[in-house]
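Owing to the predicted nature of the structure, the values given are computational and were not obtained by experimental measurement.
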Amino acid sequence: MSGVFQLTDDCLELRGHLVHHHALLEPGRIVLIDSGFLLNTPKRTDRLLREVGRSLDEVSDIILSHGHIDHVLHAAALKRKTGAKIWAPRLDRDRLAGVHRNESISKLGGLLEGFARALFRYEPPEIDNWFEAGDTLPLYGGLEVIPLPGHTSGHCGLYQRDREMLFAADLFASLY
């Protein structure tokens, strides 16, 4: 399997080993949702895009669904390589900066996140646009920000009303 799954004519899932991210294809530009993790590096993302006749050079924007490292690891490198604007949930500002402190039972998760950030040399990305629940991002025909708190304070889904598509990282669905 190449690692590219075409969800619709203008939407790709870029499959990683643990986490997938998405490429929203518009004429002359690409919007990424999340930035890849581990081996889904900018170089691999470019290779996957080239398989469908596009390239990393077309990436204009990167939307981060939340601040966990498995969704933001390559954001700073992608921004440097493409000049893309980064959009992120305001409520995850501390998490994206690498200074968030987990409380109570989530302390173990915070320790693991901190360990991973050190191991993978996490570089906090420069955020160009902060968003909040209820905002509509002017990308891909309008992406409505749907709050999904609990995973992180700022975790959100992105809903494209005309296409009836919801991008909701780290949620699981069961079909009956």
Side-chain angles (χ1 to χ4, degrees), residues 1-89 92 95-96 116-117 119-131 135-146 148 154-173:
M1 179 171 53
S2 76
V4 178
F5 183 76
Q6 188 124 18
L7 296 173
T8 66
D9 288 344
D10 61 359
C11 179
L12 306 173
E13 181 178 74
L14 306 175
R15 294 182 171 180
H17 293 90
L18 298 172
V19 179
H20 309 317
H21 61 297
H22 293 88
L24 310 179
L25 311 175
E26 296 185 289
R29 78 173 180 175
I30 296 172
V31 176
L32 295 179
I33 297 179
D34 292 330
S35 67
F37 183 57
L38 296 178
L39 301 178
N40 251 4
T41 62
K43 184 177 180 178
R44 182 168 189 267
T45 297
D46 189 42
R47 183 179 60 74
L48 295 175
L49 290 172
R50 288 182 187 281
E51 287 182 20
V52 297
R54 304 296 292 261
S55 80
L56 203 61
D57 296 334
E58 297 174 74
V59 173
S60 63
D61 297 88
I62 302 162
I63 305 169
L64 303 176
S65 62
H66 64 291
H68 281 157
I69 192 166
D70 58 331
H71 294 266
V72 304
L73 179 61
H74 299 301
L78 278 167
K79 182 179 180 79
R80 266 193 313 279
K81 197 169 206 53
T82 65
K85 291 181 179 153
I86 297 181
W87 303 70
D92 275 359
R95 202 175 284 281
L96 287 159
R117 287 174 189 263
L119 180 66
F120 301 124
R121 296 184 178 104
Y122 173 70
E123 177 186 350
E126 177 188 337
I127 307 301
D128 298 285
N129 298 291
W130 295 101
F131 57 80
D135 288 350
T136 298
L137 308 184
L139 305 166
Y140 198 56
L143 292 167
E144 298 174 32
V145 178
I146 309 296
L148 301 171
H155 184 215
C156 66
L158 301 162
Y159 183 60
Q160 208 306 317
R161 187 169 299 280
D162 296 336
R163 292 172 178 90
E164 296 182 333
M165 294 175 74
L166 175 66
F167 299 93
D170 284 352
L171 292 184
F172 298 93

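Taking CG from L12 and NE2 from H20, the interatomic distance works out to 13.5 Å, rounded to the nearest 0.5 Å. To the nearest 0.5 angstrom, F167 atom CZ is 12.5 Å from I146 atom CD1. In this structure, C156 SG and L137 CG are separated by 8.0 Å, a value rounded to the nearest 0.5 Å. The CD1 atom of I63 lies 5.5 Å from the CG atom of L158; values are rounded to the nearest 0.5 Å. Between the OG atom in S65 and the NE2 atom in H155 there is a gap of 5.0 Å [rounded to 0.5 Å]. Distance check, rounded to the nearest 0.5 Å: CD1 of I30 to CG of L56 gives 7.5 Å.
Looking at heavy atoms from C-beta onward, Y140 lies in side-chain contact with M165 at the 4.5 angstrom threshold. Using a 4.5 Å heavy-atom threshold, the side chains of P42 and K81 count as touching. Residues F131 and P89 have side chains in contact (heavy-atom distance under 4.5 Å, counting atoms from C-beta outward). By the 4.5 Å heavy-atom criterion applied to side chains, H21 and T45 are counted as neighbours.
Counting only distance, with no hydrogens or angles, the side chain of Y122 and the backbone of L96 share a donor-acceptor pair below 3.5 Å. Side chain of D92 to main chain of G154: a donor-acceptor pair is present (N/O by atom type, distance under 3.5 Å, no hydrogens or angles). A donor-acceptor distance shorter than 3.5 angstrom exists from the side chain of R54 to the backbone of R29, with no hydrogens or angles considered. Judged by distance alone, the side chain of E51 and the main-chain N or O of V4 form no donor-acceptor pair under 3.5 Å. Remark: side-chain polar atoms of D46 are not paired, donor with acceptor, to backbone N or O of S55 under 3.5 angstrom. Although no hydrogens or angles enter the test, the distance criterion places a donor-acceptor pair under 3.5 Å between the side chain of Q160 and the main chain of D162.
Considering all non-hydrogen atoms of both residues, I62 and K79 come closest at CD1-N, 4.3 Å. Here the closest non-hydrogen pair linking P124 and A76 is O-CB, 4.3 Å. Closest approach of G157 to L148, counting heavy atoms only: N-CD1, 3.4 Å. The two residues K85 and D128 make their nearest non-hydrogen contact at CA-OD2, 3.1 Å. Scanning both residues, A75 and I86, for their nearest heavy atoms gives O-CD1, 3.7 Å.
Ring geometry, H71 versus H66: the interplanar angle falls from 30° to 60°, so the pair is classed tilted.
Among the candidates L32, I33, I127, the single residue satisfying the side-chain contact (heavy atoms from CB on, under 4.5 Å) test with L64 is I127. For the side-chain contact (heavy atoms from CB on, under 4.5 Å) with N40, the lone residue among D70, L73, L48 that qualifies is L48.
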